[in-house]
Amino acid sequence: MNKDKKHVDPADVENTPTEQAAESSENQEQAAPEPTELEKANNLLALKDEELAKEKKEYMFLMAEFDNFRKRTLRERTELIKNASEKALQGLLPIVDDFERGLDAIHDSSDAEAVKEGMTLIYNKFVKYLADNGVKPMESTGADFNPDIHEAVAMVPADDETPAGKVKDTVQKGYMLNDKVLRHAKVVVAQ
C-alpha cells in the first residue's frame, strides 16, 4: 500500500457532505411541512375573524359614544328651551315692581297728573326693554298694505287723504323681532 494515499473505509465514514445536506433538508421538510390550501384558508379565515371582531368592537364603541352624544344634546336642548325665557322674564320683573308701586301711588294720591307721569315713565321703560331685546313696533298707518306684515280687518273707500292700497288706520300695532314678524298689525285698508 501506498503511504501517501490513505485508505478510507466506507464503514468508517458516516456521511459525505452532500449526503448531510440532503438529510438536513429532508429533516426541515419533515419538521415544518408546507401548509396545504385548506390550512392556508383556515389561517386567513382566523385572521379575518380577528379583524372583524376588532372592527365590531370599535363600531360598538362608536355607537355607544354617539348614543351618549345624542342623549346629552337632547338634554341640553330641553334645558335650553325650558330656561330660554328666564333672562327675558328677569328683565320684566323691575317693570312689574314699578307697576305695583304705581298702583299703590294711585290709591294714596289724588293728583291725576302725577299718576299719568308715573305710568308714562313705566311705559317708556317697558318699550325700551323690548327694544333692547330686538322687539320693534311697526309703523303701519300711511304705509302700503303688505299682507306679509299686515292683517286687514276692514276695507274703507279711498279718499284724497289715503289713496287705494294704503293703510288708513292701525287698529292694533304690529311688532317685529329681529326683522321677523312677532305680531301682525291689524289695519284698516283703503280701496
Side-chain angles (χ1 to χ4, degrees), residues 1-97 125-140 143-153 172-187:
M1 276 193 133
N2 190 348
K3 284 189 177 188
D4 289 338
K5 285 187 177 183
K6 289 188 178 177
H7 176 42
V8 177
D9 185 9
D12 291 341
V13 177
E14 288 184 16
N15 289 328
T16 60
T18 43
E19 288 174 352
Q20 287 176 352
E23 271 184 31
S24 75
S25 68
E26 283 176 19
N27 288 340
Q28 287 177 354
E29 287 177 13
Q30 289 173 354
E34 190 170 311
T36 63
E37 291 297 317
L38 180 60
E39 290 172 338
K40 287 180 184 178
N42 283 339
N43 290 341
L44 183 61
L45 183 61
L47 182 65
K48 293 297 178 185
D49 283 344
E50 288 175 16
E51 288 177 12
L52 178 64
K54 180 183 173 193
E55 294 294 325
K56 186 175 181 181
K57 183 179 177 182
E58 289 177 7
Y59 171 76
M60 295 302 285
F61 176 76
L62 285 174
M63 287 298 295
E65 185 71 25
F66 179 74
D67 191 44
N68 291 340
F69 168 75
R70 186 181 53 79
K71 287 177 183 175
R72 183 176 59 247
T73 305
L74 183 63
R75 187 173 49 249
E76 288 171 356
R77 185 181 309 139
T78 302
E79 191 69 24
L80 182 66
I81 290 170
K82 186 174 148 183
N83 295 325
S85 60
E86 180 179 352
K87 183 181 175 195
L89 294 174
Q90 282 178 342
L92 290 175
L93 294 178
I95 298 169
V96 171
D97 293 340
K125 185 176 183 179
F126 187 64
V127 169
K128 182 184 179 317
Y129 172 77
L130 289 176
D132 290 346
N133 285 285
V135 178
K136 306 265 191 261
M138 292 181 206
E139 295 300 326
S140 299
D144 290 334
F145 176 75
N146 181 350
D148 292 333
I149 61 172
H150 298 125
E151 180 182 336
V153 292
Q172 186 180 51
K173 223 187 259 189
Y175 289 91
M176 303 286 280
L177 175 62
N178 300 324
D179 299 326
K180 180 183 175 224
V181 176
L182 183 61
R183 181 174 79 182
H184 291 82
K186 293 184 179 180
V187 297

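These numbers were taken from a predicted model, which means no experiment stands behind them.
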Distance, nearest 0.5 Å, that separates NZ of Lys180 from CE of Met176: 10.0 Å
Glu50 side-chain N/O to Leu47 backbone N/O, donor-acceptor pair under 3.5 Å: no
Verdict with supporting geometry, Asn43 and Lys40, side chain to side chain contact (heavy atoms under 4.5 Å, CB included): CA-CA 5 Å; Asn43 290 341; Lys40 287 180 184 178; 5.7 Å; no
Flag side-chain contact, heavy atom, 4.5 Å: Leu182 against Val135: yes
CD1-CZ distance between Ile149 and Arg183, expressed to the nearest 0.5 angstrom: 13.5 Å
Test: Glu51 and Lys54 ion pair at under 4.0 Å: no
The single option from Met63, Glu55, Lys57 passing side chain to side chain contact (heavy atoms under 4.5 Å, CB included) against Tyr59: Met63
Residue pair Asn133 / Leu177: nearest heavy atoms and the distance that separates them: O-CD1, 3.5 Å
CA sep, side-chain torsions, deciding dist, call: Asn83, Glu79, side-chain hydrogen bond (donor to acceptor under 3.5 Å, both in side chains): CA-CA 6 Å; Asn83 295 325; Glu79 191 69 24; 2.7 Å; yes
Heavy-atom pair with the smallest gap, counting every atom of Pro137 and Lys173: CB-CD, 3.7 Å
Atom pair CE (Met60) and CG (Leu62), whose distance is rounded to the nearest 0.5 Å: 11.0 Å
Closest contact, heavy atoms only, Val181 versus Met138: CG1-CE, 4.0 Å
His150 side chain to Ser140 backbone, donor-acceptor under 3.5 Å: no
Distance, nearest 0.5 Å, that separates NZ of Lys71 from CZ of Arg75: 9.0 Å
Working for side chain to side chain contact (heavy atoms under 4.5 Å, CB included), residues Asp148 and His184: CA-CA 8 Å; Asp148 292 333; His184 291 82; over 6 Å; no
Heavy-atom side-chain contact between Asp49 and Leu45 under 4.5 Å: yes
Test item: Tyr175 side-chain N/O and Ala185 main-chain N/O as donor-acceptor pair under 3.5 Å: no
Phe126 side chain near Leu92 side chain, heavy-atom distance below 4.5 Å: yes
Minimum heavy-atom distance between Tyr129 and Gly91, given as atom pair plus value: CE1-CA, 3.5 Å
Interatomic spacing from CZ in Phe69 to CG in Leu74 - rounded to 0.5 Å: 11.0 Å
